[in-house]
Amino acid sequence: MTDRTSSEPSATGAKGPDELRRQIERTRSELGDTVEELAGKMDVKGRARARAADLRDKAGAMTVQLRSTAAQAGHTVHDRATQAGHKVHDTAARTGHRVQDRTLRAGHATQGGAAETGHALERKAERNVPMPARPLVMAAVRHPRPVLIVGAAVAAVVVISWRYPKK
């Protein structure tokens, strides 16, 4: 096929056998290209395979993109959960410290009250208890735990002897 708008001489006639051969060769080449194009358009299976390959490539790219998005979302959720955990931990620590401080103050107040009560008992025992029993009562006031243990043991012996008398 010749193009009438090209700068080459028109196909009205060849100027010699060599030029005629060149024109024939060019025409064959153009005709072969045209036949190839037509064959490509008629090859439905080939076009379907090419389209399927394109779709597979797009699906693969979308899969990679979705995986990347899911990974980013997972990291975001992990970061937010970590931040929330830190906030909860900090709040719990502050609350624990406040409770500890209040407990410590209450303990100091109780200890102060107990000390005052102990001193008052000592002063009262020094003034009101007769001399032979005074050292024993003063020791009981200063160290109440052993006295309570001994008192509990004596009470247990009394209860057992009253409950199960010897026959």
Side-chain angles (χ1 to χ4, degrees), residues 1 3 5-6 29-164:
M1 297 174 95
D3 189 11
T5 60
S6 69
S29 173
E30 291 173 2
L31 186 59
D33 292 343
T34 305
V35 168
E36 233 177 79
E37 287 177 25
L38 288 174
K41 288 183 180 180
M42 296 302 292
D43 184 18
V44 176
K45 263 188 183 179
R47 288 173 46 200
R49 283 188 192 124
R51 178 75 174 143
D54 287 346
L55 290 175
R56 266 194 305 273
D57 291 344
K58 284 183 182 179
M62 289 177 83
T63 301
V64 168
Q65 185 179 9
L66 286 174
R67 284 183 182 165
S68 173
T69 303
Q72 282 180 329
H75 290 302
T76 302
V77 167
H78 179 266
D79 292 345
R80 288 183 181 171
T82 301
Q83 289 173 352
H86 288 308
K87 284 181 182 178
V88 168
H89 180 267
D90 292 344
T91 303
R94 282 194 306 272
T95 303
H97 289 305
R98 275 187 289 202
V99 168
Q100 190 176 18
D101 291 344
R102 288 178 185 169
T103 304
L104 188 62
R105 282 190 297 242
H108 286 303
T110 304
Q111 188 177 13
E116 287 177 24
T117 304
H119 292 306
L121 283 174
E122 279 185 42
R123 285 192 300 274
K124 203 174 210 180
E126 285 177 358
R127 280 183 265 140
N128 297 335
V129 176
M131 189 51 192
R134 188 179 300 163
L136 184 63
V137 171
M138 294 296 286
V141 168
R142 288 189 187 116
H143 307 288
R145 187 174 291 151
V147 173
L148 289 174
I149 293 170
V150 170
V154 169
V157 168
V158 168
V159 168
I160 290 173
S161 64
W162 175 70
R163 187 104 167 134
Y164 302 105

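Note that these values count all heavy atoms, side chains included, but never hydrogens, waters or copies made by symmetry. Along the sequence shown, residues are numbered consecutively beginning with 1.
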query = So which pairs with a foot in residues 52-73 pass side chain to side chain donor-acceptor pair (under 3.5 Å), sequence neighbours left out?
reply = none

inquiry  = For residues 98-107, which residue pairs pass the side chain to side chain donor-acceptor pair (under 3.5 Å) check, not counting sequence neighbours?
reply    = Thr95-Arg98

inquiry  = Could you go through Thr91 and Arg94, starting from their C-alpha distance and side-chain angles, then the distance that decides it, and tell me whether this counts as side-chain contact (heavy atoms from CB on, under 4.5 Å)?
reply    = CA-CA 5 Å; Thr91 303; Arg94 282 194 306 272; 3.4 Å; yes

task = List for me each residue that meets side-chain contact (heavy atoms from CB on, under 4.5 Å) alongside Lys45, sequence neighbours excluded, and say none if there are none.
result = Asp43, Arg49

task = Rounded to the nearest 0.5 Å, what's the gap from NE2 on His78 to OG1 on Thr82? Could you check?
result = 4.0 Å

